[in-house]
Engineer: 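Please see the structure below; I have some questions.
Just so you know, these numbers use all the heavy atoms, side chains as well, and skip hydrogens, waters and symmetry mates. Atoms within each ligand, like the ligands themselves, are counted from 1 in listed order.
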Amino acid sequence: MTAPAWQCGRFALRLERVHVMGVLNVTPDSFSDGGRYAALDAALAQAQALVEQGADILDVGGESTRPGAAPVPPEVERERVLPLLRELRGLPVPVSVDTSQPALMRAALELGVSIVNDVRSLRAPGALAAVRDSGCGVVLMHLRGEPATMQQQPEYADVVAEVRQWLARRLEEVEAAGVAAARVALDPGFGFGKTHVHNLALLAALDRLCPPQRPLLVGLSRKSSLGRLTGRPPGERLAASLAAALLAADAGARVVRVHDVAATRDALAVWESVRGAQRGGQGPAPVGVQRTEQERA
Ligand code: HH2
């Protein structure tokens, strides 16, 4: 059984439905939206647009982790992200910061960010301490290697078993370090040190990847595996991304990280109405109506 909520600071995200995490990259070089929202006013407008489209969470990132990406100096990442986070205080949905940098985690939490989404799973020295006492939600993601080199012949004997075991162990370690399990979501890390074959194996086994009671987060939006399957560049992968989001939802994912929030909402509205009815209850409330999370005082 799934736990009733993912605790993210002053928000508690109820887990009987699928949450849409809207991606907002304030980078010059992200693989699908690099450069579009690097200016503060463009980023703010996109943040508002994503919330109006029904994003349950806004995920702000200042470092591209696409394959081959060189690390960004920490101060540059902070200069990209913090001015926007300052403007986003008071947003009605939880804001997430996509970073591995402890100093940025601390500064972002001081600005009221509710979630730390770390593709390196809080393994940088000081990262666990940065989040421990804040009560924020955290995303732990499986990543083999480092973005600069992770796609150079990644190998697994059994990718599904290895990712599942790794996530379970990392959850235990983080819990032992003082972060309550109720604050944690887990992510298999599509495209992070995985070949196309590995990605497809993980997608086929999503329902077996996550330790019970923790929400699974899936980020497949516009990714290269979808390009490989369709022959399309990142900007033309909407249909494939929607198919991936529905597959993820059907396999039990509780958060989908996407660039195209409005379209994903529509796809999930159809999926939820049918799956909710099949479950024999009233079905989930119409998407968009039940969007705001219960906010704790
Ligand atoms: N994927 C990307 C970045 N952050 N975080 C989680 N938890 N899961 C993911 O799959 C994930 C992530 C890469 O996508 P994007 O942010 O669009 O591109 P870039 O890294 O080039 O900025």
Engineer: With rounding to the nearest 0.5 Å, note down the distance linking OG in Ser225 to NE2 in His198.
Structural biologist: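 Taking OG in Ser225 and NE2 in His198, the distance rounds to 11.0 Å.
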Engineer: To the nearest 0.5 Å, what is the distance between CZ on Phe11 and CD1 on Ile57?
Structural biologist: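 Separation between the atoms: 10.0 Å.
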Engineer: Side chain of Arg183, backbone of Cys136: donor and acceptor closer than 3.5 Å?
Structural biologist: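 Yes; judged by distance alone, with no hydrogens or angles, the pair exists.
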Engineer: Please answer whether the main-chain N or O of Ser114 pairs with a side-chain N or O of Arg10 as donor and acceptor at a distance below 3.5 Å.
Structural biologist: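 Judged by distance alone, no pair lies under 3.5 Å.
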Engineer: Please determine, by modelled atom types, if Ser64 and Arg66 share a side-chain donor-acceptor pair under 3.5 angstrom.
Structural biologist: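 Result is yes, a qualifying pair exists.
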Engineer: Would you say Arg265 and Gln53 are linked by a side-chain donor-acceptor pair, where the criterion is simply a distance under 3.5 Å?
Structural biologist: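 Judged by distance alone, the side chains do not pair up.
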Engineer: At a heavy-atom distance under 4.0 Å, which protein residues reach ligand 1? Sort them by chain and number, would you?
Structural biologist: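 Around ligand 1, where the cutoff is 4.0 Å for heavy atoms, the contacting residues are Asn25, Ser30, Phe31, Ser64, Thr65, Arg66, Asp98, Asn117, Val119, Val139, Met141, Asp187, Phe192, Leu217, Gly219, Lys223, Arg257, His259.
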